[in-house]
Every structure is written in structure tokens, then in C-alpha cells.
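Data block below; observations after.
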Amino acid sequence: MELRNVKSPEDIRNLSVRELEDLAQQIRTAIIETVSKTGGHLAASLGTVELTLALHSVFDTPRDKIVWDVGHQTYAHKLITGRYDRFHTLRQFGGLSGFPKRSESPYDVYDTGHAAGSISYALGLAKARDLNAEDYNIVVVIGDGALTSGLAFEGLNNAGELKTPLIVVLNDNSMSISENVGGISKYLTLLRLAPAYRSAKARIEKILDHIPTGPSTISLLRRFKGSLKYFLFPEAWFEALGFRYYGPVDGHDIAGLKRVLAEAKALKEPVLIHAVTQKGKGYSFAMEQPEKFHGPGPFNAQTGEIVKEPAPPTYSQVLGQSLVKFAENNRKIVAITAAMTDGTGLKPFKAKFPERFYDVGIAESHAVTFAAGLAQGGMIPVVCIYSTFLQRAYDQIVEDVCLQNLKVIFAIDRAGIVGQDGETHHGQFDISYLRHIPGLTVMAPKDERELINMLWTALSIDGPCAIRYPRGCGVGVPVEDAFDSPEVLDVGKAEVLCRGEDINILALGSMVYPAIEACEKLAQKDISAGVVNARFVVPFDLDTVTDLLRKAPLLVVEENVQDGGFGEMVANAVGFGQDKIHKLALPKQFIPHGSQDRLRSVYGLDVPGIVAQVKKLLGR
């Protein structure tokens with residue numbers, strides 16, 4: 001069957017295994033061709049093609065519900081659920097989302113982009129089904145990397161206790177985004193080796209069952225058999241949680257998957273199917289380098305070469321290089337990330353200081369409290385986490401770090417608009433959820449050099465600090481001398497770049513250079529506009545702002561949601577001239593996917609947008 005003729009899963013349910021295998025190859029070709037042009041989550045989606053076909057073959061979707069965890073692995077799902085004709089728009093503004101999206105298809109039941117929530121969400125669906133006396137199946141597909149998150153275990157624990165029918169498919173490819181870490185990874189490795197255990201299982205249980213038992217020995221023997229089972233058969237841990245365990249099964253064997261799924265479907269109890277897959281399956285470059293091809297930008301499909309235009313280092317790389325440089329002379333500096341070693345620029349730090357580097361897995365809450373303990377013990381932890389993922393650790397930031405005034409530095413990557421990953425990944429709330437916490441210093445650099453100086457400044461502050469910086473490349477300022485001779489900034493002091501007679505723009509972080517360029521454009525229209533680099537959200541330079549406001553109106557520009565943002569804070573802090581303070585920020589809504597440049601243009605956070613806002617305010 002031709003992939004372009006598949007309009008819904010109904011079209012594949014009567015196909016033979018051979019026909020499904022042929023369809024799998026067509027799906028892989030379509031994914032590679034499209035993602036090579038649009039960028040996207042390649043390796044994970046290539047690894048779940050057969051699993052996706054088996055699921056939609058066995059289950060009556062969309063009546064039966066498939067709940068995908070994270071959503072990195074759903075491209076095959078999109079292709080066979082009526083979205084083939086639009087697949088070329090993947091992750092483009094106005095096109096298909098790179099993640100499951102309920103507004104996009106009835107086959108998508110969970111808007112997701114963060115790991116580990118799927119089991120809890122699916123359990124809620126399952127109980128609603130039971131309470132409504134309905135009859136349909138619910139299947140979760142969750143990766144082994146997500147099992148490093150406590151939320152996944154909370155869901156498993158509750159599901160096993162409630163005993164409601166639920167099928168969890170554990171997609172085990174030994175990877176999250178970076179290589180998996182910790183005890184859970186080792187445990188799953190043990191399960192993958194389980195055939196050696198399983199071959200002995202029947203023989204041992206048969207021997208134990210035929211041992212003569214009288215009343216005096218039966219209780220002892222039962223306890224012995226139970227203990228021996230837990231010793232010999234590692235899957236017993238899932239069974240102890242209340243799940244019937246199947247596996248490990250070959251996640252690329254469509255016939256085998258269909259048999260196991262059909263059997264699990266008939267059981268009407270909590271079932272966990274352990275499917276072993278290969279990330280990047282069918283594309284040699286992705287199989288050999290799954291981290292590189294987890295979420296690549298456009299690439300050459302024939303050579304596997306990532307298409308990259310010459311550009312300055314990214315903010316993530318500059319942060320990582322700074323940490324390495326500063327840690328050479330300060331043995332107390334340690335780096336922590338949550339399954340994002342490469343994304344946060346920490347690979348060089350890991351290579352040079354492996355004993356001071358910690359990847360805790362997809363466990364942001366643990367990362368922050370772990371950092372608090374390190375700080376209490378005299379170390380200086382730098383916690384490198386994306387803005388959107390740090391939301392998962394809000395309570396720990398408040399209770400375990402700031403309440404105790406511990407010296408933890410939060411390097412908040414991907415602050416503001418991030419681009420094609422969309423609503424679940426934009427870092428649009430971090431100023432709003434951090435600025436009101438007592439004792440927390442919050443900074444935002446205008447460029448790479450200032451990022452280095454802010455990290456150096458944070459190391460000098462006796463208390464918690466946060467530095468938020470955007471995704472992508474810096475502006476290209478020279479930084480080598482900044483690594484060698486960093487500057488301690490005057491904490492809480494803004495940088496007045498130029499003063500305007502008609503208006504002044506108080507810009508934060510990524511908005512400073514667009515504001516400077518906007519002022520140059522405005523000067524051509526005989527509008528005198530000044531620019532102030534705020535630098536610090538907290539503490540806030542009230543004196544400088546008050547002085548500016550006495551002479552001209554003020555426009556506060558930030559890449560954060562307006563409600564609770566920096567502009568709102570400025571307006572509340574100034575005791576006069578409220579009608580002269582204006583704000584340009586992201587609206588109170590979830591921002592869709594699209595390129596960073598396109599989205600900044602849509603929301604007026606670029607040079608033309610700032611120029612237009614100033615002209616509007618001045619009535620020009």
C-alpha cells in the first residue's frame with residue numbers, strides 16, 4: 001500500500017505483516033526527507049515506526065486512546081492519521097506541530113512536549129472511562145529516559161494500586177536526549193538480558209512446585225519462592241507495582257508486537273510491555289549518532305551532514321566554555337543538568353571535570369534540591385536547565401534554595417521564544433515565576449560577553465542567582481579576553497547606552513540590540529530615542545529609571561509574557577508617571593511554533609516592531 005493513500009489507521013488494519021513492513025520503509029523515507037528540510041526530532045521517530053503501526057493495527061483508534069509521552073516519537077503516528085499531505089509543513093509557522101496536538105487531530109489525546117506525564121494523564125483518562133461506564137482501551141507509550149523522572153513512578157505506583165485496565169508500552173532505546181544515566185538505566189539493561197534468566201525460570205519454578213510440603217514448611221517455602229523470584233527475575237519489580245509484565249520484546253518485529261499487544265488488550269488489567277527499539281532505526285547516520293540526530297536542524301539526507309551557516313557560538317556554548325574556564329581555578333564549581341548535557345553546552349565541562357559533572361536524568365526537581373545540598377556542603381553548583389523545564393522545579397527553587405539562601409546559580413537556557421518546538425518549549429514565563437522570590441538575583445545578558453561577566457558576578461554573590469539567556473547564537477562580540485579577565489558587574493545597576501529626548505527604551509537581555517537598531521531607524525525619522533540595558537531584573541535599578549522617566553516616556557521591552565513580567569515590575573516600582581511607562585512583551589497566551597525570527601516579528605519583538613511601537617506611542 002502506498003503511504004500517500006493512508007488516510008487513517010483503518011486503512012492499515014487489514015494489511016499483512018509484509019505489507020506493514022513495506023509501509024514502515026515508506027514512512028522512514030518520508031520522515032527523513034521532510035526532517036532533512038524542516039529539522040525536527042528524527043532519531044526518536046525513526047525508532048518507533050513499527051511500534052506505531054502495530055499499535056494502530058491492534059487498537060481501534062481514535063476510540064481507543066494512545067497517549068504519547070513527550071511526543072518526540074510521533075511522526076509515524078502523524079503520517080498514518082490523516083496528516084501525510086501536510087507533513088511537509090512540520091514545525092513551520094502555521095503548519096503541523098512537531099508534537100501531539102489535540103486541535104490538530106482526534107488521534108492526538110494529550111498535548112505534550114515534556115517527559116513523564118503520560119502515565120498520570122492516561123490513568124486519569126482511564127478512571128474517567130470507568131466512572132462513565134465506558135469501554136475503550138488506553139495505551140501509554142513512554143520512553144526509558146522518562147523513567148528517570150519521579151512523575152513517571154508516581155503514575156505507575158497509583159495505576160498499579162487502582163488496578164484499572166491500562167497498557168503501558170515502555171519504549172526502551174537506551175537513550176533520552178543524551179545517553180541515559182542512573183540506576184533505572186542499569187535496571188532496564190538487566191531486563192534486556194533477561195532471556196538468560198527466563199530460560200531458567202520454568203525449570204526452577206517446576207522444581208520448587210514439586211518439593212513436598214507439609215503444614216510446617218509451606219509458609220517458609222512460599223517466602224523462599226517469592227524471594228528467589230525477586231532475585232532471579234528482574235521484571236518482578238514491575239509486577240510488585242501491580243503491572244503484568246511482558247518483555248522484553250523486539251520493538252521492530254511487527255508480528256511479535258501485534259501478538260503481545262492483542263494479549264495485553266484482552267487482559268483488562270494494568271500491563272507493562274517492554275519493547276526494545278533502536279533510536280534512528282533505518283538511517284545509518286542517526287543510528288551511529290543518536291544524540292546528534294535527536295533534534296537536528298536541516299541536514300543533507302544523503303551524507304548526514306547538518307546544514308550550518310557560519311555563525312557565532314551559541315549562548316549555551318559560551319556558558320559551557322565559561323564554566324570550564326572558571327572551574328579551572330575554583331574546585332568548588334560543579335555543573336548539573338537534567339538529561340541535556342549537549343543542549344546546555346556542558347560536554348566540554350563533562351570531559352574536563354567528570355568528577356564535578358552531574359547529569360541527573362529527566363529529574364529537574366531533584367537537580368535543584370541536589371544542588372541545594374551541594375551548596376550547603378560548600379560547593380558552588382551551576383544548574384543548567386532550559387527555562388520551560390525549570391518550571392517543573394519551582395517548589396524546589398523556592399523552598400530548598402531561596403528560603404535557605406543557598407549559593408546556587410541557575411543558568412536558564414532557552415529563555416524567551418525558542419522556535420519550532422512551540423508552546424511546550426518557549427521560555428516565556430521565567431521572569432514572572434522568579435522575580436518575586438525573596439533573595440534571588442535575576443540577570444539577563446545583552447550579548448555573549450555580558451553572559452560571561454554575569455556568570456563571574458554570580459560566583460561572587462553570596463546567595464542564589466539566575467541568569468536567563470536565549471536559544472541560539474550570540475551577536476558575535478569578541479569574548480576571548482572576557483574569559484581571561486571577566487568583570488564583576490555592579491549588582492542591580494543598569495547600563496545607560498544612550499539617552500533620548502523623545503523616549504527611552506529600557507530593554508532586557510535579547511531585546512537590547514534590537515532596541516539599539518530601532519533607535520538608529522527612529523533617528524532617521526527625527527525621533528530621539530535612548531536605550532538602557534536593564535541587565536538586572538532583581539535587584540532593579542529604580543534610580544536610573546526614575547531619572548529617565550522625569551525627562552521622557554519609557555518603553556520597557558522584554559521577551560517574556562507581559563503579565564508578571566519585567567515591565568509590570570517597573571511600572572509597579574515607580575511611584576509616579578504611570579501614564580508614561582509603556583510595555584512591549586509577549587501576550588498572555590501560549591505562543592505557537594515557528595522560527596524565532598518569524599515569531600518575534602509576529603509579536604513585535606524585533607526592530608520594525610519596536611520602531612512601530614515607539615511611533616505609535618509618540619503619535620508619529
Side-chain angles (χ1 to χ4, degrees), residues 24 41-55 66-77 112 115-119 122 139-153 155-156 159 166-198 233-241 243-254 256-261 263-264 270-282 286-288 290-291 293-294 339 359 361-363:
H41 292 102
L42 180 69
S45 278
L46 291 177
T48 57
V49 175
E50 288 85 2
L51 177 58
T52 301
L53 291 172
L55 285 165
I66 300 176
V67 178
W68 299 92
D69 195 85
V70 184
H72 291 161
Q73 71 280 54
T74 55
Y75 293 175
H77 165 78
T112 184
S118 58
I119 298 173
V139 185
V140 176
V141 183
I142 185 170
D144 52 316
L147 287 190
T148 58
S149 172
L151 180 57
F153 287 100
L156 284 171
L166 177 68
I167 299 171
V168 176
V169 178
L170 172 58
N171 173 35
D172 179 5
N173 58 27
S174 305
M175 295 284 291
S176 47
I177 294 176
S178 301
E179 185 177 352
N180 280 337
V181 296
I184 299 303
S185 177
K186 293 181 176 65
Y187 174 72
L188 293 177
T189 299
L190 181 62
L191 285 178
R192 288 193 293 274
L193 299 174
Y197 292 95
R198 227 173 296 332
F233 313 125
E235 71 270 19
W237 184 78
F238 285 116
E239 293 175 356
L241 284 174
F243 281 78
R244 179 79 65 92
Y245 174 89
Y246 284 83
V249 299
D250 183 350
H252 302 295
D253 175 8
I254 294 176
L257 285 168
K258 289 183 69 174
R259 284 194 299 271
V260 173
L261 288 169
E263 186 171 340
V271 176
L272 187 137
I273 298 171
H274 181 186
V276 179
T277 62
Q278 183 167 17
K279 203 168 184 180
K281 175 74 172 178
M287 292 166 68
E288 293 164 6
E291 282 188 68
F293 285 93
H294 167 75
D359 181 348
I362 303 174

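Below, all heavy atoms of this structure are taken into account, side chains as well, without hydrogens, waters or symmetry copies. Note that the structure is predicted; figures quoted are calculated from it, not measured.
- Here the closest non-hydrogen pair linking Ile119 and Gly155 is CG2-C, 3.5 Å.
- Separation of atoms CZ (Phe243) and CZ (Phe238) is listed at 9.0 Å; rounding is to 0.5 Å.
- Note: Thr48 OG1 to His252 NE2 = 9.0 Å, rounded to the nearest 0.5 Å.
- Nearest approach of Ala286 to Leu46, heavy atoms of both residues: CB-CD1, 4.4 Å.
- The side-chain heavy atoms of Leu55 and Trp68, taken from C-beta on, include a pair separated by under 4.5 Å.
- Checking side-chain atoms of Ser149 against main-chain N and O of Ala363 turns up no donor-acceptor pair under 3.5 Å.
- Asp172 has its side chain within reach of His274: a pair of non-hydrogen atoms, C-beta onward, lies under 4.5 Å apart.
- In this structure, the side chain of Ser45 engages the main chain of Tyr75 through a donor-acceptor pair within 3.5 Å.
- Using a 4.5 Å cut-off on side-chain heavy atoms (C-beta onward), Ile66 and Val141 make contact.
- Scanning both residues, Leu257 and Asp250, for their nearest heavy atoms gives CG-O, 3.6 Å.
- Val260 and Tyr246 make their closest contact through CG1-CB, 4.0 Å (heavy atoms, listed as atom of the first residue, atom of the second, distance).
- Residues Gly47 and Thr277 share a closest heavy-atom pair of O-CB, 3.4 Å.
- Distance alone, capped at 3.5 Å, places no donor-acceptor pair between the Thr52 side chain and the Ala76 backbone.
- With Ile273 as reference, Ile167 is the one residue of Ile167, Leu170, Leu51 to meet the side-chain contact (heavy atoms from CB on, under 4.5 Å) rule.
- Side chain of Glu263 to backbone of Leu261: no donor-acceptor contact under 3.5 angstrom is found.
- In this structure, CG on Leu241 lies 10.5 Å from CD on Glu239, to the nearest 0.5 angstrom.
- For the pair Ala146 and Ile142, the tightest heavy-atom approach, listed with the atom from each and the gap, is CB-CG1, 3.6 Å.
- The shortest side-chain heavy-atom distance between Val168 and Val271 does not fall under the 4.5 Å cut-off.
- In this structure, His294 and His41 have side chains that are in contact, with non-hydrogen atoms separated by less than 4.5 Å.
- Residues Lys279 and Met287 have side chains not in contact (no heavy-atom distance under 4.5 Å, counting atoms from C-beta outward).
- Going from atom CG of Asn173 over to atom CD of Gln73 covers 9.0 Å, rounded to the nearest 0.5 Å.
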